[in-house]
Structure formats: structure tokens, C-alpha cells
Visitor: 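Can you keep this structure in mind? I'll have questions shortly.
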Amino acid sequence: MAFLKFNKSELVNLSYSLKREIISANKTGAYCNTSIVTCNTRRYHGLLAVPVDAFGGRMHLLLSSMDESLVLEGKQFNTKEVAFKSTPCWYKGITYSDEYRRGFDCREDLYVPGHFEADMKPGDAIVFSAGVDQVAASQLKRKFDTLAAKVPQITNYHDHLLHCADLLIRDRNGRKKITAGFSWMYTGLLRETLEAAPGLTFYANGNKALFEEILDNLIADEQERLFHKTTQVEAPLRLAGALEQYIEFGADAKAVWKKYGPTVKGVLESYLPGRRSEVAMQPNGLLWAQLDHWALSWMNAYINGNPVTERAGYQVETNVFWYQMISFALRMEKTYGPKDSKFVQDWTRIEKLVEDNFQPLFWNPQAGYLADYVDNEGQHMEVRPNMLYALLVGDKLIDPEVAYSVLRVIDNELVTRRGIRTLSPRDPMYKGVYEGSQTERDLAYHGGSTRVYLLSPYIEICFKMRGPSFVSRAQWLVNGFYEDLNKHGVGAFSELYDGDPPHEPHGAISSAVGTAALLKVDYFISKYKEA
């Protein structure tokens, strides 16, 4: 099956080709990223970028580009080993068009150490290798052929998803972590890892051991955010959902609780009054998040140091994840903990408080959906996808008729064929195109642009509420992403899309949470097809 098709007339049109990037990565975190015509348009474009341990593991671009020149003199040449000629010089004032267009620092000087020369005859090929370690040049061609032969055949879209998922799991210095996205998103982020890890592991190929290894590394690295302070207050609470999925895929529940129960309990207790400066449980059992001039959720874009969507107060999704974590911990502790567990006594009361107070606080019967957040001024009724998560936790948090009403609003205002919008087009603050200056893009980032990863909870909810009849609709909602494999990040799945048609892709060209979501949706579609 041919996934990617281009023709010469398209490639020579720079307005077409410069918008399409290729990404080639390996499991150590190194990557090559440039446009499909190898013209760098961004500062992070280049042929070899690697994490350098001596500088805290940060990415450094070591090889920007290579310029090839073929000299023909009317005769054939004998092939010999490539020779390096030292001719150092500087290219001054290189300008990156995309950075210029967006108002970023767009110029830099590039050092050229020299050039390679080789004689060739028709049919010859040269393998050029760049790296941080010296290797024997005579072995390069053989090594290249051996590695190329091991590349698995991609025969369908699911195979392609698996290939992209594999590249997003970094294995460096014996520690496996998830890269949130190529090329500029970080590795080992708390929220992105907890969101993506199930999809990239056991939803992809059933690899539960890999999931646990990634989770163990995450917990070891993220002690501060898990137990003390974070600017994404719902992120630690996503741990429960990841563990629930792990158990659903066959992990021994008793063993899971024995190993991770102390972490789950510690996270919950850190949200009690007086433990964190950014968020705390209130007398009504719900979480209030506030830190002046900080956006304490995943909607965390800033303009000139000020948050675009501050959402201080009771955030709807944070309180859903809070309830999910409490309920999970109580189920596990009641089954596998001591019979006289004080934890069960204390947290059963809190669980009941959340159940009693969540719907009265967030539900607006006149509007027919849940408030995005509630502060001292009352309900803030922007139609955003955060209320989607309330539909995942069953009818103890919201009534069934409320759930159906919320889903209708999401269907009517947020669902597109390229993901779920971050804000309704009816809202005066809606920005339907993610383009322009940094400020314009930051306004659109959570103000209308779509998210691929939100399709996963949305489609899971629709299957639970509508059953197998939703299969064809679910397939229609994801087919578009495969149609876009020759756009933006060629052969990869983008982070976000414009909220307005024709829904062009933007953001990170290969997104961990987006790729994981498509793998989960693939799983749900197959499951309900068989039902």
C-alpha cells in the first residue's frame, strides 16, 4: 500500500513543498528534521540533532545540512573511499523563512568545516553517516544495508501507527521514556506520558512490561510534580486512568495496587488543604486551583507572560480526574488493603462529597452543558472539551440525562473531522485558524484549534452510550488523519489542526498523545466491530 505520493510539479512549488516536513528519528532521541526538499525553514531543522548528556540531556543541532555537487567531465570514474577536505568557512546570516514569518529570531551563522570528495561511476551509491562517535567508514555501507533490511514492512495504516508509536518511545542510557512530540517537545513530560503511555504500549502491541517500565521511570523523575507542586494540576491525577487501563489489559490488580498504591495515596493526600500552594481540596470535597498569573491546567499558553486561559477556581476536568483517582484508590484498597483501613474510612467521605457537589456546581440546565470552570463570580460557560471527561466516569458524578445533553453540545459545536475543537465557534474569542504571529497562534492554541488526542475519550464515550452503531462514524472521524500523511509532518500524525475547514494541520509534526489516541480508537473500532 502506497501511503505517500508526490509528483515533480508539486515538489518544485516551494509554497507546497516547504510546508511539508520529514522526520527521521531513532530510539536514542536523535533525529533528522527538514522540509521534503531538504531546505531548512526553522531553527531546529537539520540532519542531526542529538541529546547531549554533558549538557543535561538537552537537544543540540550538530549538523544543519549538506550541499551536494555532482561534477561530470564526460568520462567514468573509479569508485574510492570518500575523502574529507578541510576548507573551513562561515555562512553568514542564514535566514529561516518560517521563523521570519512568525516573528521569531530567524537568522544565524553556520560553520562549514570542509567538504568530501569521491569519484563515482554509474550505479554507485554513497552512504554518508553523521554521529557523535567515530566509526570505521569501510563498514558503513554494510551496516546501512543490514539496518535497512530489518525495517519492517508497512502494509496497512495500523502498521504505520505502530511504526510512529515506536519512534516516540525513547530508550537512552537504559531508561525508556515518551517523547511528547517531534521535533521540539520534551521527553518524559508528566501529563503527556500518562495520557500517551497506554496507547503507545498495550493498545499498540500488548506490551504491558514496556508500559510499566515507562511508568516507573516517570514516577522516579516526577516526584516534585506528583507530590508537591505542578502548574498542570490535573496531571498527577491522570495516574489512576493509566493504571485502570493497565488492569483492563490483564495486569494483576493486586500486584498493581501493591506496587503503585502508595504513589496513588500520596498523590491524593498532596491535594488536601495546606499541602500544595497551587491547588487544594475545599470543604465541599472539590479542588480549587489558583496561582495568580498562572494557567494551572493543560490549557497553558501565555502571551507576554500572561496566561491566555487562566481558569482559576474549580476546573471541570481536574475535578473529574480527582474523583476518578479517589474512586480507583477506594476500589483497590477495599479489595486488596487491610479490612480496617483508615484510608477507606477517610476517603469514602470525600468521595461522597464530590458525588454530591460536582453536578450542582458545574451543571447549567438552561445552557444544557457543564461549566468549564467556576470561580467566585460563578460559572464560566465557554463551550470547551474539558467537560467531556465527566462522561467517562459513570452516573455517580452526573445524571444520565445530563450526560446526553453534554454530548449533544459537544457533537454540535466541538467535533470536527480533524479532532475536537478547544473552543466553540459561537464564542467571540474563537480563533479558527492557527496561523500568524506568536500572539495570534497562542490565542488559537486553546481558543479554537482542534486536538487529535481528544478523539480517544470522545469515541470511547460514544461507543459506551451508542454501542456498535457508532462504528462507521468513528471510522469516518479518523480516516482523515491517514489522508493527511503527506502534509505537515510527512508520514506522521500532527498535534493539532485548524478549527475551521479545511482543517489544516499544525503544531508538533509527530505527536505522542495524538498517535496514542489513534491507536486506542483503532482498538475500540475493532472491538465494537466484533460485538
Side-chain angles (χ1 to χ4, degrees), residues 1-5 154-165 195-196 198-200 202-206 245 248-249 368-369 383 385 387-392 394 400-401 403-422 424-425 449-488 491-505 511 513-531:
M1 179 183 293
F3 292 97
L4 305 174
K5 295 181 179 180
I154 296 177
T155 59
N156 54 51
Y157 288 126
H158 187 74
D159 288 347
H160 194 73
L161 270 173
L162 293 178
H163 170 70
C164 291
E195 177 69 31
L200 300 183
F202 41 77
Y203 280 99
N205 51 25
Q245 293 174 78
E248 289 172 5
F249 266 81
Y369 58 92
V383 178
M387 59 181 167
L388 179 64
Y389 291 101
L391 310 186
L392 279 175
E401 58 269 24
Y404 280 102
S405 180
V406 169
L407 188 59
R408 278 196 301 272
V409 173
I410 293 171
D411 280 336
N412 292 336
E413 302 191 34
L414 300 181
V415 176
T416 79
R417 205 182 173 215
R418 295 296 190 276
I420 310 298
R421 290 188 180 103
T422 48
S424 168
S449 64
T450 77
R451 290 298 185 279
V452 181
Y453 85 89
L454 289 171
L455 276 176
S456 172
Y458 170 75
I459 288 177
E460 181 181 357
I461 289 162
C462 288
F463 274 129
K464 286 182 177 179
M465 296 175 70
R466 297 166 178 168
S469 64
F470 192 71
V471 165
S472 59
R473 173 73 172 176
Q475 192 67 65
W476 181 82
L477 285 170
V478 298
N479 283 345
F481 299 107
Y482 302 116
E483 297 169 7
D484 287 346
L485 283 174
N486 67 343
K487 289 184 176 182
H488 196 44
F493 299 92
S494 301
E495 175 192 9
L496 57 93
Y497 282 75
D498 290 333
D500 285 350
H503 304 298
E504 292 298 320
S511 164
V513 294
T515 303
L518 292 174
L519 281 162
K520 291 172 70 173
V521 169
D522 207 26
Y523 171 85
F524 289 130
I525 290 174
S526 298
K527 175 183 175 181
Y528 281 91
K529 274 183 178 178
E530 297 169 0

Visitor: May I have the step-by-step check of side-chain contact (heavy atoms from CB on, under 4.5 Å) for V383 and L414, ending in yes or no?
Guide: CA-CA 8 Å; V383 178; L414 300 181; 4.1 Å; yes
Visitor: Can you tell me how far apart CG (L391) and CE (M465) are? Round to the nearest 0.5 Å.
Guide: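 The CG atom of L391 sits 6.0 Å away from the CE atom of M465.
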Visitor: Mark yes or no for whether T450, through its side chain, and D498, through its backbone, hold a donor-acceptor pair below 3.5 Å.
Guide: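 A pair under 3.5 Å: no.
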Visitor: Do L518 and Y453 have side chains that approach each other closer than 4.5 Å (heavy atoms only, starting at C-beta)?
Guide: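 No, side chains not in contact.
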Visitor: Check I459 against A474 and note the closest heavy-atom contact, atom names and distance.
Guide: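 So the two residues come closest at CG2-CB, 4.0 Å.
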Visitor: Between H158 and D522, do the side chains contain an N or O donor and an N or O acceptor separated by less than 3.5 Å?
Guide: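 Yes, because at least one side-chain N or O of H158 sits under 3.5 Å from a partner of the opposite role on D522.
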Visitor: If I compare all heavy atoms of L388 with all of P457, which pair ends up nearest, and what's the gap?
Guide: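 Nearest pair, atom of L388 first, then P457: CD2-CG, 3.9 Å.
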Visitor: Do the rings of F481 and Y497 sit parallel, tilted or perpendicular, given the 30° and 60° boundaries?
Guide: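 Plane angle over 60°, so perpendicular.
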Visitor: How many angstroms lie between OG1 in T515 and CG in L200, if you round to the nearest 0.5 Å?
Guide: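 It is 7.0 Å, given to the nearest 0.5 Å.
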Visitor: With a 4.0 Å cut-off, would you call E483 and R417 a salt bridge?
Guide: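 Answer for the salt bridge query: yes.
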Visitor: Taking all non-hydrogen atoms of both residues into account, name the closest pair between Y203 and Q245 and its distance.
Guide: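 Looking at all heavy atoms of both residues, the closest pair is CE1-OE1, 3.1 Å.
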Visitor: Check the pair L407, C462 against side-chain contact (heavy atoms from CB on, under 4.5 Å), reporting the backbone distance first and the verdict last.
Guide: CA-CA 8 Å; L407 188 59; C462 288; 4.2 Å; yes
Visitor: Check this for me, if you would: do K487 and D484 make a salt bridge, where the nitrogen-to-carboxylate-oxygen distance has to be below 4.0 angstrom?
Guide: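 The answer is yes: the pair qualifies as a salt bridge.
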Visitor: What distance separates S449 OG from H503 NE2, expressed to the nearest 0.5 Å?
Guide: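 Result: 12.0 Å between the selected atoms.
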Visitor: Is there side-chain contact between V415 and L477, with heavy atoms separated by less than 4.5 Å?
Guide: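 Side-chain contact under 4.5 Å: yes.
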Visitor: Would you call the rings of F249 and Y523 parallel, tilted or perpendicular, taking 30° and 60° as the class edges?
Guide: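 Rings of F249 and Y523: tilted, 30 to 60°.
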Visitor: Is there a side-chain contact between T416 and R421 in this structure, where contact means two heavy atoms from C-beta onward sitting under 4.5 Å apart?
Guide: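 In contact.
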Visitor: For the pair F493 and C164, evaluate side-chain contact (heavy atoms from CB on, under 4.5 Å) and give the outcome as yes or no after the intermediate values.
Guide: CA-CA 8 Å; F493 299 92; C164 291; 3.9 Å; yes
Visitor: Kindly compute the distance separating CG (L161) from CG (L519), expressed to the nearest 0.5 Å.
Guide: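 Here the rounded value is 4.5 Å.
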Visitor: Check R408 with E413, please: is the shortest side-chain N to carboxylate O separation under 4.0 Å?
Guide: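 Here E413 does not pair with R408 in a salt bridge, since their nearest N and O are not under 4.0 Å apart.
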Visitor: Testing the 3.5 Å rule here: is there a donor-acceptor pair between the side chains of Q475 and N479?
Guide: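 Checked: Q475/N479 side chains pair up, N/O donor to acceptor below 3.5 Å.
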Visitor: Under 4.5 Å between any side-chain heavy atoms of Y389 and L454, yes or no?
Guide: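 Side-chain contact under 4.5 Å: yes.
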Visitor: How long is the straight-line distance from OG of S456 back to CD of E195, given to the nearest 0.5 Å?
Guide: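 It is 6.5 Å, given to the nearest 0.5 Å.
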Visitor: Between atom CD1 of I410 and atom OH of Y369, what is the distance when rounded to the nearest 0.5 Å?
Guide: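 The CD1 atom of I410 sits 11.5 Å away from the OH atom of Y369.
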Visitor: Check step by step if side-chain contact (heavy atoms from CB on, under 4.5 Å) holds for L455 and I420.
Guide: CA-CA 6 Å; L455 276 176; I420 310 298; 3.9 Å; yes
Visitor: For S511 and E495, which I'm curious about, is there any donor-acceptor pair between the side chains at under 3.5 Å?
Guide: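 Judged by distance alone, the side chains do not pair up.
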Visitor: Begin with the C-alpha distance, continue with both residues' side-chain angles, and end with the deciding distance and a verdict on side-chain hydrogen bond (donor to acceptor under 3.5 Å, both in side chains) for N156 and Y482.
Guide: CA-CA 10 Å; N156 54 51; Y482 302 116; over 6 Å; no
